2 protein chains.
Amino acid sequence: MTKSRAQQKEITRRQIIDAAFRLLSLDRSYSSLSLREVTREAGIAPNSFYRHFEDMEELGLTLVDEGGVALRQLMRKARQRIEDSSSVIRISVETFMEFIHNSPQVFHLLLRERSGTSLAFRKAVSRELQYFIVELADYIQHRQNYPTEDARIQAEAMVILVFNAGAEALDCKPAELKQLTEKAIIQLRYIARGADALSQVKRKVH
Amino acid sequence: MTKSRAQQKEITRRQIIDAAFRLLSLDRSYSSLSLREVTREAGIAPNSFYRHFEDMEELGLTLVDEGGVALRQLMRKARQRIEDSSSVIRISVETFMEFIHNSPQVFHLLLRERSGTSLAFRKAVSRELQYFIVELADYIQHRQNYPTEDARIQAEAMVILVFNAGAEALDCKPAELKQLTEKAIIQLRYIARGADALSQVKRKVH
DNA sequence: ATTTAATGTATACAACTGTACGCTGTAAAG
DNA sequence: CTTTACAGCGTACAGTTGTATACATTAAAT
């Protein structure tokens, strides 16, 4: 049986996406990739690219999307692990650091395009981050019943700090990785504790 | 009197540096600039570039350096302002946000090259950040006499969060800027308060 | 069975890049 | 005054880029 047209197209599309991910590394950002480079890596003719994406931008947004999905899947597993453990913070941070270790390309993409030159990219990455922030804020609010706004501000700080620890992890030796994780955990505990203390003050005043 | 040779060279060098800064914007990162583009903006011949810098990388490192100097100068002014005020955190964050507003190009550069493709750039930006972190850690340690390590972790979290607020500020409407500043201030207070609480626990245990 | 439509290719081109080479003018050194 | 050294320019070249156009193949629609 020969492949259907749609199937074959999907295969080629995947080749392009995978090729692009493969090309990302410590010293290669998405914006530094050329269309031809991607098609070369994918093993197709330059013009064939246009049969699947209008732009390098469109491909990039697809990558961000896929990266986001992968990240969310992993963090869902983290939540399962949390149920067996005492420390939410520790499990979450460690899971995230594992993700970065296992698929650094995805994190490279998100990290760099978060402050990149394309507004569409920035928005896309921001959306992925918001996903985590909202979820974490819900968790916090549900657990400690803070005001919504406070929970969100707290969640945001936490996500940013974990993200930052990930960024540092990319450049550091594997030996220092553990230390980096511990640092992030301490930082999140500062925030959790501080938010706790300050929200109690608030309630007394009211 | 005609200009001395060294003087004229310095002038041209400045033209290159200024041109590069001028070209940086929301949708133009340093790594996306070409050598020819910079020389065009500077009003010199492409080859003249080499009389002053070996590389675009060398120019870029110079820009990071200059940006760092400008930033440090401003924060020194902030410290003067602090003496007249009660809130260290508020003054520092507001001063930083003003800096970003006044010279966004410098911040763009630091923000993007912090996670860019050049190791030298990343190290250079990291050095600038360390400068703030160490200084802030000293301040914290002196004021609350924390353990050195704890103060550093706390300072790092603070600097990261302020830097992040700056990143968000670049993309937001001027009206939301105030709100962003307040958010960062709250986040830093969480950290300050949390670190306080946790270090007291530590002392009791010892 | 014939036509249609779409995936993929090869060729081509103009734009842009970094930089090598050689020249000019002139400040500085002798 | 003569010589040297060097900032700056013009030309040139090979390499890369995005993409327009035309064409081949073949699954799907008629």
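Side chains are part of it too, since the values below use all heavy atoms of this structure and drop only hydrogens, waters and symmetry mates. Keep in mind that this is a model prediction, so the values were computed, not measured. Residue numbering restarts at 1 for every chain, and letters A, B, ... go by the order of the sequence lines.
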Return the nearest nucleotide to the side chain of [X]; candidates are [options].
{"X": "B/S4", "options": "C/dA28, C/dT19, D/dA7", "answer": "C/dA28"}
{"X": "B/N47", "options": "D/dT19, D/dC9, D/dA20", "answer": "D/dC9"}
{"X": "A/S34", "options": "C/dG8, D/dG8, D/dG18", "answer": "D/dG18"}

On a plain distance test, is the side chain of A/R40 in donor-acceptor contact with the base of D/dT16 below 3.5 Å?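 No, the side chain and the base share no sub-3.5 Å donor-acceptor pair.
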Starting at the 5' end of DNA chain D and moving along, which residue's nearest nucleotide shows up first, A/R51 or B/Q8?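 Looking at DNA chain D, the more 5' nearest nucleotide goes with B/Q8.
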Contact nearer the 5' end of DNA chain D, comparing B/A45 with B/R5: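 With B/A45 and B/R5 compared, the 5'-side residue is B/R5.
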Using the benzene-type ring in the case of Trp, are the ring centres of B/F163 and B/F132 under 6.0 Å apart?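 So the answer is no for these two rings.
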I need the CZ-P distance between B/F53 and D/dG8, as an integer number of Å.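 After rounding, the gap between these two atoms is 11 Å.
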Look at all strands and tell whether B/R13 reaches a base, only sugar-phosphate, or nothing, counting heavy atoms closer than 4.0 Å.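 Nothing: the residue B/R13, judged by heavy atoms under 4.0 Å, touches no strand.
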Is the shortest heavy-atom distance from the side chain of B/L26 to the side chain of A/T117 under 4.5 Å?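 SC-SC contact between B/L26 and A/T117 ruled out.
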Heavy-atom check, side chain of A/D65 versus side chain of A/E128, under 4.5 Å: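 A/D65 vs A/E128: side chains touch.
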Does A/E113 pair with A/K123 as a salt bridge, N-O distance under 4.0 Å?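 Salt bridge: no.
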